[in-house]
Number of protein chains: 2
Amino acid sequence: MGDIFKALADPTRRKILDELAERDGQTLFEICTRLTMKHGLTSSRQAISQHMDVLEEAGLIHTRREGRYKFHHLDPEPLRRLADRWLTKLKEKDP
Amino acid sequence: MGDIFKALADPTRRKILDELAERDGQTLFEICTRLTMKHGLTSSRQAISQHMDVLEEAGLIHTRREGRYKFHHLDPEPLRRLADRWLTKLKEKDP
DNA sequence: ACTATAGGCAAGTCGTCACTTGCCTATCAA
DNA sequence: TTGATAGGCAAGTGACGACTTGCCTATAGT
């Protein structure tokens, strides 16, 4: 639960999610180039890769390997469960 | 926008919000005692106070001073705008 | 006036986080 | 097979975040 918020706390990670929301199933290099092109990001490949790990551990994305490519797919489910907690009622347990 | 996620990233701050959601308008000491009682929190008064500052800067709570008391009120508005971004569509700007 | 209560301010510690650097593995194309 | 492409691993650095410690201000009760 807290992993999701921590993952969303970083602006670069949010931009990655935005990018995947706009075009799902991108590889690491695709995301890197598109982030630097469109959003003016200057982060290195390794930086983005580590952000991906955080997002995956939070369950916000899942990956699919194919040859030397690794495709990243967005999973909106955690966001939905998140909204359920904080908008219907705020007094759930904290797992 | 990112301030809200950073504020929600900490489990103690989420418990504070839970506490205020259950009983709005508490003072700092009330929240401190109730957190240690019900949730088994061991944080000091200053720690909680600093968490409050973070929550207030994020716009999640607002305060009202009255004599030597300072009452804390929850503001669900930012949470609502948050859900609007991440559940209707994910490709908004990042302000 | 004096004391207790509710809270604020600021420096300092310690751990985590974002990011870099350097090197290594694996897949594909020529 | 050689070289280029896509990605991984791990140690190290710098900054920020959570929390503590110590002291200070202001309001209220007696």
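Convention: sequence-line order gives letters A, B, ...; per-chain numbering from 1.
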### Query
Relative to the 5' end of DNA chain C, which residue comes earlier, B:Arg68 or A:Ala47, by the nucleotide with the nearest heavy atom?
B:Arg68

### Message
Whether A:Ser44 contacts C:dT20 is assessed here as follows: a side-chain N or O lying under 4.0 Å from the phosphate OP1 or OP2. Is that the case?
### Response
yes

#### Entry: Nearest-nucleotide 5' precedence on DNA chain C, B:Glu30 against B:Gln50
B:Glu30

#### Entry: Heavy-atom check, side chain of A:Phe71 versus side chain of A:Thr27, under 4.5 Å
yes

#### Entry: Separation of C:dT27 P from A:Leu28 CG (nearest whole Å)
17 Å

### Task
Please confirm whether any donor atom in the side chain of B:Arg45 sits under 3.5 Å from an acceptor in the base of C:dG8, or the reverse.
yes

### Query
Does some side-chain heavy atom of A:Met37 sit less than 4.5 Å from a side-chain heavy atom of A:Arg34?
no

### Message
Just so I know, are the side chains of B:Ile61 and B:Met52 near enough to count as touching, which here means a heavy-atom distance under 4.5 Å?
### Response
yes

### Query
So which nucleotide from C:dT20, C:dA18, D:dT20 ends up closest to the side chain of A:Gln46?
C:dT20

### Query
In whole Å, what is the span from the NZ atom of A:Lys6 to the P atom of D:dG17?
14 Å

## Note on the structure
Per salt bridge (charged side-chain N to carboxylate O under 4.0 Å, His left out), B:Glu19 is matched among B:Arg13, B:Arg14, B:Lys38 by B:Lys38

### Query
In whole angstroms, how far is the P atom of D:dC19 from the CD1 atom of B:Ile48?
8 Å

### Task
Respond yes when some side-chain nitrogen or oxygen of B:His51 is under 4.0 Å from OP1 or OP2 of D:dG17, and no when none is.
no

### Query
To the nearest Å, how far apart are B:Phe29 CZ and D:dA28 P?
16 Å

### Task
Specify the separation, in whole Å, of atom CG of A:Asp10 and atom P of D:dC16.
13 Å

### Message
On the nucleotide C:dG8, are OP1 or OP2 found under 4.0 Å from the side-chain N or O atoms that B:Lys70 carries?
### Response
yes

#### Entry: For atom CD1 of B:Ile31 and atom P of C:dA6, their distance in whole Å
14 Å

### Summary
Taken to the nearest whole Å, CZ/A:Phe5 to C1'/C:dC17 is 19 Å

### Summary
Rounded to whole Å, CD of A:Glu57 lies from P of C:dA18 at a distance of 12 Å

#### Entry: Parallel, tilted or perpendicular, as decided by the 30° and 60° cut-offs, for the rings of B:Phe5 and A:Phe5
tilted

### Query
Within less than 4.0 Å of OP1 or OP2 of D:dA18, is there a side-chain N or O belonging to B:Ser43?
no

### Message
At less than 3.5 Å, do the side-chain atoms of B:Glu66 and the base atoms of D:dT27 form a donor-acceptor pair?
### Response
no

### Query
Counting side-chain heavy atoms from C-beta on, which of D:dA18, D:dG7, C:dA18 comes nearest to A:Arg13?
C:dA18

